[in-house]
Amino acid sequence: MNIYLIGYMGSGKSSVGRRLAKALEYDFIDFDDYIEEKEQAAISEIFEKKGEIYFRKKETLYLKELTDSNLSNKVVATGGGTPCYGSNIDFILSDNIISIYLNTSVQELTKRLWNERSKRPLISNQESIEVLEDFVRKHLFERGFYYNQASKTFKTDGKSTDKIAKEIVATLF
Ligand code: S3P
């Protein structure tokens with residue numbers, strides 16, 4: 001069995017994924033790192049030099065490659081946009097994958113993302129926290145259509161990484 005975590009930037013997919021993999025004794029794959037390794041470039045550099053369309057094409061290609069590779073006992077933290085382009089959601093909803101949506105509120109996401117915005121090409125130009133909050137609200141609403149197709153959803157506000165991972169483990173067995 002494999003677990004794919006989906007959700008907006010800043011929802012904790014990587015930190016929860018790492019903790020979850022440890023608890024389950026599964027391997028952990030951070031899909032952004034996977035793309036960076038394949039492309040030999042940072043995500044921000046790919047966006048800057050080649051543009052978002054190029055990134056989305058590669059994201060789909062590598063998701064297909066990863067998901068077709070007879071995966072077993074893996075926890076994969078996807079990128080925030082991964083389920084929302086092409087037919088990526090169909091790969092994530094494959095039979096050998098449990099898809100989990102980490103559902104974080106707009107307010108919590110905005111707080112977390114404001115300090116980290118320079119690393120994230122889609123939000124690096126937001127000029128104030130209020131503008132960022134409006135952007136996140138609209139963007140999350142659009143992406144909700146994909147995120148809400150996950151087989152399980154966990155609310156994350158006010159919970160530690162450890163608590164979320166424990167809650168997930170408790171529903172798996
Ligand atoms: C993106 C999220 C990022 C990364 C890229 C695009 C998105 O991943 O894949 O910057 O479209 O939401 P994280 O969710 O890990 O920040």
Side-chain angles (χ1 to χ4, degrees), residues 2-21 27-67 74-92 97 99-126 129 131-150 153-157 159 161 164-165 168:
N2 303 286
I3 297 173
Y4 278 37
L5 297 174
I6 67 175
Y8 204 72
M9 291 176 273
S11 60
K13 302 178 295 289
S14 300
S15 46
V16 171
R18 231 174 241 112
R19 191 61 67 96
L20 190 58
D27 297 323
F28 174 68
I29 296 172
D30 186 305
F31 188 54
D32 283 341
D33 292 349
Y34 185 92
I35 296 173
E36 290 187 337
E37 201 170 298
K38 292 276 177 182
E39 291 290 300
Q40 286 295 297
I43 303 273
S44 52
E45 210 180 320
I46 303 173
F47 268 74
E48 198 186 311
K49 296 207 175 127
K50 305 209 164 153
E52 183 172 355
I53 294 175
Y54 175 90
F55 173 79
R56 296 300 173 197
K57 281 189 184 153
K58 293 294 175 181
E59 184 177 43
T60 296
L61 179 82
Y62 296 134
L63 180 75
K64 191 169 182 308
E65 178 185 285
L66 180 70
T67 309
K74 303 275 186 284
V75 174
V76 179
T78 63
T82 310
C84 314
Y85 292 87
S87 45
N88 296 357
I89 189 71
D90 298 332
F91 285 103
I92 294 171
I97 293 173
S99 50
I100 295 180
Y101 170 30
L102 297 185
N103 180 332
T104 309
S105 70
V106 171
Q107 292 73 17
E108 183 70 37
L109 290 170
T110 305
K111 258 193 274 165
R112 290 186 200 168
L113 290 171
W114 178 246
N115 296 322
E116 298 174 8
R117 66 193 184 287
S118 63
K119 282 183 266 164
R120 293 185 157 95
L122 290 179
I123 54 166
S124 55
N125 293 330
Q126 304 294 327
I129 196 160
V131 175
L132 175 64
E133 183 167 338
D134 284 348
F135 175 85
V136 171
R137 180 173 296 105
K138 186 165 172 284
H139 205 200
L140 183 61
F141 178 76
E142 290 162 3
R143 288 183 166 186
F145 172 76
Y146 300 96
Y147 296 156
N148 285 313
Q149 294 183 50
T153 296
F154 291 84
K155 294 212 178 232
T156 71
D157 280 16
K159 293 178 194 163
T161 299
I164 301 162
I168 294 174

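All ligand and atom numbering here is 1-based and tracks the order in the structure. All residue numbers refer to positions in the sequence shown, counting from 1. All values reported here derive from a predicted model rather than from experimental measurement.
- Atom 12 (O) of ligand 1 has as its closest protein heavy atom Arg143 NH1, 2.7 Å.
- A cation-pi geometry, defined here as NZ or CZ lying under 6.0 Å from the six-membered ring centre and within 45° of its normal, does not hold between Arg112 and Trp114.
- Of all protein heavy atoms, the one closest to atom 5 (C) of ligand 1 is Ile43 CG2, 3.8 Å.
- In this structure, the side chains of Ile29 and Val75 stay at 4.5 Å or more apart for every pair of heavy atoms.
- Contact annotation for Thr82 and ligand 1: no heavy atom of the residue comes within less than 4.0 Å of the ligand.
- Looking at Phe31 and Glu59, their side chains come closer than 4.5 Å, going by heavy atoms from C-beta outward.
- Remark: minimum distance from atom 7 (C) of ligand 1 to any protein heavy atom is reached at Gly81 N, 3.2 Å.
- Nearest approach of Leu132 to Thr110, heavy atoms of both residues: CD2-O, 3.9 Å.
- Not close to ligand 1: Lys119, with no non-hydrogen atom less than 4.0 angstrom away.
- Contacts between Glu52 and ligand 1, counted as non-hydrogen atom pairs separated by less than 4.0 Å, are absent for every part of the residue.
- Under 4.0 angstrom from ligand 1, the non-hydrogen atoms of Phe55 all belong to its side chain.
- Inter-residue side-chain proximity for Leu66 and Tyr4 is flagged as met; some heavy-atom pair is nearer than 4.5 Å.
- Each of the following atoms of ligand 1 lies closer than 4.0 Å to a heavy atom of Arg56: 6 (C), 7 (C), 11 (O).
- Any N or O atom pair closer than 3.5 Å counts here, and Tyr8 shares no such pair with ligand 1.
- A heavy-atom distance below 4.5 Å is not found between the side chains of Glu48 and Glu45.
- Regarding atom 16 (O) of ligand 1, its nearest protein heavy-atom neighbour is Arg120 NE, 3.0 Å.
- Shown here are the ring-ring contact (aromatic ring centres under 6.0 Å, His included) partners of Phe47, two or more places apart in sequence or in another chain: Phe55.
- The proximity of Pro121 to ligand 1, defined as any non-hydrogen pair under 4.0 Å, is limited to the side chain.
- Looking only at protein heavy atoms, the nearest one to atom 13 (P) of ligand 1 is Asp32 OD2, 3.4 Å.
- Among pairs with a residue in residues 28-38, those fulfilling salt bridge (Lys or Arg N to Asp or Glu O under 4.0 Å) read Lys38-Glu65, at least two apart in sequence or across chains.
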